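Single-structure report; data block below.
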Amino acid sequence: MPELPEVETTRRGLAPHCTGHRLVRLKVREPRLRWPVPDSAPALVAGRRVDTIDRRGKYLLFRLEGGVTAILHLGMSGSVRVVEHGRAVRLHDHVDFELDNGKVLRFNDPRRFGSLHVTTQPPEAHPLLASLGPEPLSADFAGGYLYQLARGRRVAIKPFIMDSHVVVGVGNIYASEALFMAGIHPNRAAGRIARARLERLVACIQTVLGNAIEMGGTTLRDFTGTNGSPGYFQQTLNVYGRGGEPCRHCGRALKETRLGQRATVYCPGCQR
DNA sequence: ATATGAGCCTGTATGC
DNA sequence: TGCATACAGGCTCATA
């Protein structure tokens with residue numbers, strides 16, 4: 001499941017294959033994604049050179065010449081592989097970006113929670129991106145910022161940091177892990193946490209995501225190969241998916257609840 | 001304004 | 001063995 005680290009790893013893996021090359025053709029086999037891919041999309045991108053490939057939150061931005069941008073979201077089951085032109089398609093290979101170097105960026109997404117938009121506007125202005133919070137690994141995401149935003153908010157801290165208007169890229173897994181690392185109970189109201197603890201939380205989010213990006217790089221080193229699910233999960237996770245198991249820090253049994261319809265695991269001893 | 005719940009979709013895991 | 005059901009996940013929209 002692509003979280004921000006996987007998306008960033010995907011970006012890094014794709015960049016050398018497509019930067020500076022032309023998109024010969026966009027082939028949409030299955031337009032029924034999260035939002036239907038409009039019929040006009042292929043003509044908008046055809047023949048344009050890829051200037052850069054950037055990431056905003058979990059969105060990949062293919063910036064093409066002439067001010068056109070393709071915005072790709074991997075959803076939760078999506079992936080992009082680099083294959084040679086003419087390679088047989090597999091089940092759920094929904095979109096091909098055919099390049100002028102014989103390579104194809106092939107988007108596969110079984111659950112079709114992903115999306116593809118093509119815009120001629122600056123992508124920052126696109127409705128999907130316009131109201132996103134800061135990048136978690138940027139200087140804009142700081143303790144003071146989070147503290148100010150949390151004033152008066154009664155929502156629990158876990159869904160608070162998973163809100164993309166607050167900060168992008170913190171999904172269920174990393175929210176759980178960062179809260180454990182910071183020693184904060186996931187159910188605590190966001191507005192009732194001391195500034196110093198929120199500063200610590202910011203640092204923990206950055207540590208968790210940063211580490212995962214490093215390991216994601218390891219996972220996807222053979223990027224044109226299988227691009228299987230990340231192998232670092234099981235070994236790195238302290239709480240996610242470990243309900244009932246002993247806390248690695250204090251040994252108490254980890255508790256599992258639901259918070260906003262999301263599985264939530266925490267240590268009742270270490271997190272307050 | 002803030003908070004909550006539904007819905008999108010299908011592979012995988014569970015229970016009968 | 002088969003069938004039914006629950007769940008996972010990010011994100012937007014609708015409703016309170």
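No hydrogens, no waters, no symmetry mates; every other heavy atom, side chains included, goes into these values. Each chain gets a letter, A, B and so on, in the order its sequence line appears, and its residues count up from 1. Treat the numbers as computed from the prediction; the structure is a model and nothing was measured.
Nucleotides of DNA chain C nearest to N172(A) and L132(A) differ in position, and the one nearer the 5' end is that of N172(A). Where G152(A) and R34(A) each meet DNA chain B at their nearest nucleotide, the meeting point lying more 5' is that of G152(A).
With respect to R63(A) and D51(A), no salt bridge is recorded, no charged nitrogen being found less than 4.0 Å from a carboxylate O. Classification of R87(A) and E84(A) as a salt-bridged pair fails, no side-chain N sitting under 4.0 Å from a carboxylate O. Ion pairing between E98(A) and K103(A) fails under the 4.0 Å rule for side-chain N and carboxylate O. The existence of a salt bridge linking E6(A) and R55(A) is excluded, since no basic side-chain nitrogen approaches an acidic carboxylate oxygen closer than 4.0 Å.
Closest contact between the side chain of R154(A) and the listed nucleotides dG10(C), dA3(B), dA8(C) involves dA3(B). Nearest nucleotide to the side chain of F113(A), out of dG11(B), dT4(B), dG10(C): dG10(C). The side chain of R111(A) lies closest to dC9(B) when the candidates are dC9(B), dA3(B), dC11(C).
Classified by interplanar angle (parallel below 30°, tilted 30° to 60°, perpendicular above 60°), the ring pair F97(A)/F62(A) is parallel.
In this structure, CG of L33(A) is placed 16 Å from C1' of dT12(C), rounded to the nearest angstrom. For the pair D109(A) CG and dC9(B) C1', the interatomic distance rounds to 9 Å; values are reported in whole Å. Between the NZ atom of K58(A) and the P atom of dT12(C) there is a distance of 11 Å, given to the nearest Å. Atom pair L4(A):CG and dC11(C):C1' shows a separation of 15 Å (rounding to whole Å applied). Atom C1' of nucleotide dG10(C) and atom OH of Y174(A) are separated by 14 Å, given to the nearest angstrom. Rounded to a whole Å, the CD atom of E256(A) is 11 Å from the P atom of dC7(C). The CE-P distance, from M162(A) to dT4(B), rounds to 14 Å in whole Å. Rounding to whole angstrom units, NZ of residue K158(A) and C1' of dA3(B) are separated by 16 Å.
The shortest distance between the side-chain N/O atoms of H92(A) and the OP1/OP2 oxygens of dT10(B) is not below 4.0 Å.
Among the heavy atoms of the strands lying under 4.0 Å from Y59(A) are primed sugar atoms or P, OP1, OP2 only; no base atom is included. Residue R32(A) is classed as having no contact, given no heavy-atom separation below 4.0 Å to the nucleic acid.
For a distance-only test at 3.5 Å, the side chain of R153(A) fails to qualify as a donor-acceptor partner of the base of dA3(B).
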